[in-house]
Amino acid sequence: MRVLVIEDDVVTSRVISRFVIKCDCEVHAVSNGVEALEALSRGFDLILCDVLMPVMDGPTFLRHLKTDEEYSRFRQIPVIMVSICEEFDTVVWCLSNGAFDYLLKPVEQQLLRDRIKTAKRHRPEQQIPPAEIVVPSLAPEVEDAPVSNPGSRHVDESLMEASLIKKNAEKLISSMKVTEASIPGLSLRGADKIRAIEVAVEEYIALLPPNERHEVRRRRSVPQTVEFPVRESAIIRARSFDAMQYTSDELQDLSFRMFCEEHLLPDFRISVPVLKEFLKKTRMGYFPNPYHNYHHAVDVTQFLMMLLKLTDLRAWLTPLDKLALLTGALCHDLEHPGVNNYFLINSLDDIALFYNDQSALENYHLFKMFELIKQEHCNIFSGLSKEDFKAIRKKIIVSILATDMAHHFRHVQQIRTRLGTQVPFDCSRSESDKELLMTLVMKAADISNACRPFPIYTKWADGITAEIIQQNKRERDMKLPISQEIKPRVQMQIDFLSYIVEPTFALLSEILPGASPCLEGVIANRRHWESIKQGERTELDILAEEVKKMKVSG
């Protein structure tokens, strides 16, 4: 019997291949779905396919195999999905779209032997030439959209296979001495499940060479996530990102992608359900303000991701730094009431009283964020050591407090003074340099809508103007001082860009040259407003022209 193993992790591929050989089978191993489709013509009786792979993933391979006419002669080959992903929707999709079985890693050898025996009874009749074991190699990056439209299969067949899965799952559970049982995909529940899996993983990696153990532990510590469409990957990198065109659900999905893009889940043992619950509760924690809303939070987070992708920022930061910035960005305005600190102070609001008028809103956002993280099912920091938690809390506090515009010029001056010294700016050697950089990055992200194309920027400009107008009305109704006078719209934007945004992005570009296009975007927007003020052009003319440019650039 010949078996095709599709697995991107070299160590796992070798282990599974050895298991299969012990079952008196021949093995051919590849590292992704693209290579697997090319290898089908060699003839196989069984396919063992990983679900989560950075090139063509398992569900995409399964879709091509079962639906593309080009591979119709191979459709009868049983496909067993093998993965650490136990999300219910993923398991159901695979089983309902032609997978013969779905096994959870780490796979127990006897369970695999049983499934191979079962597959032998279902294998297609064909003559197969001999094969040799091929150690999988790393393939070039190929992006492929995941499958999103489940198909269907005969109910009786699905039930029959579910029964087979349950029988073999019980054998695995028995070998682990676990009391709770369920079919793979629905998974065990509670602490017994966690302990059983952790024991199995440790037994599995204990046999590996010492130099491979750390990497395997890192990659196997938590469930990985499925691949996302190519379009979403491009969105994360785009200065033309327009958060307002997406629904809150879509933005929550995009936030999930951003955390996965930076491999934060395996690095910090963040489980998929906990991350999703955290992102859901974060979204619910934003109010429908004209400007300080959930769309603004994701817009700020996307800008940080763009910097990580397009500049040298990643080289300056540790994984813990990246987790701090992304989490802080997403939560930096949590439960924002739609008014500024001056309103809270003048109205003797409880928030201002509690924080003694010192960065009241920023302290409140931090409190609400860590209050959320304390919840058991939202604690994305539960895998951190005490030292790392203390460090990331400090990083987030410093970064979010820096978004208080009352201290903007002091922060800018500190950075400008540091860059004016003869000592090279080096975050890898100086924690104070890194703190300054993270502060600057968070501040720039908070006002980053001003660097986006003019049609997108003006939406945010209108949003903040509307919010100020609402606050002014409340202040007049309450007979409070007007804390922020509304200037003519054009002049207000010119002042904001000239005195706040442009100096900030000039410093950012000096430290991170890759951010220069953002500075150029700020300058372009300022010049647009200046031409409107001088009567050279109308805002509608500029909008029409910039929209055409955006369509051309994609």
- Message: Could you check whether E435 pairs with K395 (Lys NZ or Arg NE/NH1/NH2 to Asp/Glu carboxylate O, under 4.0 Å)?
- Response: no
- Enclosure of Y291 OH (heavy-atom neighbours >12, cutoff 6.0 Å): yes
- Item | Check: L308 main-chain N/O paired with R314 side-chain donor or acceptor under 3.5 Å | yes
- Message: Does any part of the side chain of N340, heavy atoms only, come nearer than 4.5 Å to the side chain of M405, both counted from C-beta?
- Response: no
- Message: Could you check, using the six-membered ring where one of them is a Trp, whether H332 and H296 have ring centers closer than 6.0 angstrom?
- Response: yes
- Does S382 use its side chain to pair, donor to acceptor, with the backbone of N379 at less than 3.5 Å? yes
- Note on the structure: L320 and A391 have their tightest heavy-atom pair at CD2-CB, 4.0 Å
- Looking at F370, is R393 sitting on its ring face, NZ or CZ under 6.0 Å from the six-membered ring centre and within 45 degrees of the normal? yes
- Query: Going from CD1 on I6 to OG on S13, what distance comes out if it is rounded to the nearest 0.5 angstrom?
  - Reply: 10.5 Å
- Item | Atom pair OG1/NE2 of T403 and H365 - distance to nearest 0.5 Å | 7.0 Å
- Task: Looking only at non-hydrogen atoms, find the nearest pair between A445 and L304 and report the distance.
- Result: CB-CG, 4.0 Å
- Side-chain donor/acceptor of T60 to backbone N/O of M56, under 3.5 Å: no
- Item | Donor on one side chain, acceptor on other, E335 and Y286, under 3.5 Å | no
- Task: Indicate whether the side chain of K443 and that of H411 have a donor and an acceptor atom separated by less than 3.5 Å.
- Result: no
- Message: Strictly below 4.0 Å, N to O, side chains only: are D242 and R452 in salt-bridge contact?
- Response: no
- Message: Does L279 form a side chain to side chain contact (heavy atoms under 4.5 Å, CB included) with L330? I'd like the steps, not just the answer.
- Response: CA-CA 9 Å; L279 295 176; L330 197 61; 3.4 Å; yes
- Query: Where the side chain of R239 meets the backbone of C518, is there a donor-acceptor pair that is under 3.5 Å apart?
  - Reply: no
- Message: Quick test of your reading of the model: are K281 and E371 salt-bridged, counting only N-O distances below 4.0 Å?
- Response: no
- Task: Mind checking the CG-CG spacing from D8 to N32? Nearest 0.5 Å is all I need.
- Result: 8.5 Å
- Message: Just verifying a value: how many Å separate T318 OG1 and I392 CD1, rounded to the nearest 0.5 Å?
- Response: 8.5 Å
- Item | Spacing of K368 atom NZ and C331 atom SG [to the nearest 0.5 Å] | 12.0 Å
- Task: For S448 and D299, work out which heavy atoms get closest and say how close.
- Result: OG-OD2, 4.2 Å
- Query: Is it true that D267 and K322 have a side-chain N and a carboxylate O under 4.0 angstrom from each other?
  - Reply: no
- Query: Is a side-chain donor-acceptor pair under 3.5 Å present for S483 with Q471?
  - Reply: yes
- Test salt bridge (charged side-chain N to carboxylate O under 4.0 Å, His left out) applied to R283 - qualifying residues, sequence neighbours left out: D249
- Do L62 and C49 come close enough that some side-chain heavy atom pair is under 4.5 Å? no
- Task: Can you see which heavy atom on M438 is nearest to which on A324, and at what distance?
- Result: CE-CB, 4.3 Å
- Query: Any side-chain heavy atom of L112 sitting closer than 4.5 Å to one from L48?
  - Reply: yes
- Item | Pair E467, H292: side-chain N/O donor-acceptor within cut-off below 3.5 Å | yes
- Task: Would you check if the side chain of N293 reaches a backbone N or O of N289 as a donor-acceptor pair within less than 3.5 Å?
- Result: yes
- Query: Would you say I373 and F278 make side-chain contact, with heavy atoms under 4.5 Å?
  - Reply: yes
- Stepwise, does the side chain to side chain contact (heavy atoms under 4.5 Å, CB included) test hold for L325 with L317? CA-CA 10 Å; L325 279 176; L317 303 179; 3.7 Å; yes
- Message: Using side-chain heavy atoms (C-beta onward) and a distance below 4.5 Å, is V441 in contact with F303?
- Response: no
- Would you tell me whether N341 and E362 have side-chain atoms, one donor and one acceptor, within less than 3.5 Å of each other? yes
- Could you walk me through whether L512 and W316 pass side chain to side chain contact (heavy atoms under 4.5 Å, CB included), step by step? CA-CA 10 Å; L512 301 173; W316 292 113; 3.7 Å; yes
- Message: Could you check whether any side-chain heavy atom of E261 comes within less than 4.5 Å of a side-chain heavy atom of F256, counting everything from C-beta outward?
- Response: no
- Sub-3.5 Å donor-acceptor pair from the side chain of E262 to the main-chain atoms of F259, do we have one? no
- Is there a donor-acceptor contact under 3.5 Å linking the side chains of T12 and D9? yes
- Item | Where Q302 and I236 come nearest, the two heavy atoms and their spacing | NE2-O, 3.1 Å
- Item | Identified side chain to side chain contact (heavy atoms under 4.5 Å, CB included) counterpart of S83 within the set L52, D57, L103 | L52
- Taking the side chain as every heavy atom from C-beta outward, state whether L265 and C260 have any pair of such atoms under 4.5 Å apart. yes
- Exceeds 12 heavy-atom contacts within 6.0 angstrom, atom NZ of K280: no
- Could you grab the distance from atom CG of L361 to atom CD1 of I345, nearest 0.5 Å is fine? 9.0 Å
- If every non-hydrogen atom of G328 is compared with every non-hydrogen atom of I396, which pair is closest and at what distance? CA-CG2, 4.2 Å
- Task: Report the C-alpha separation of Y246 and I235 in whole Å, then their side-chain angles, then the decisive distance to 0.1 Å, and conclude whether the side chain to side chain contact (heavy atoms under 4.5 Å, CB included) test is met.
- Result: CA-CA 12 Å; Y246 299 100; I235 289 171; 3.2 Å; yes
- Item | Min side-chain heavy-atom separation F381-K374 under 4.5 Å | no
List the atom pairs, donor and acceptor, that lie under 3.5 Å between side-chain atoms in residues 348-360 and the rest of the protein, sequence neighbours left out.
unit_1	atom_1	unit_2	atom_2	d
D349	OD1	I351	N	2.9
Q358	NE2	N356	O	3.4
S359	OG	D404	OD2	2.7

- Query: Any ion pair linking R429 and D426 (charged N to carboxylate O, less than 4.0 Å)?
  - Reply: yes
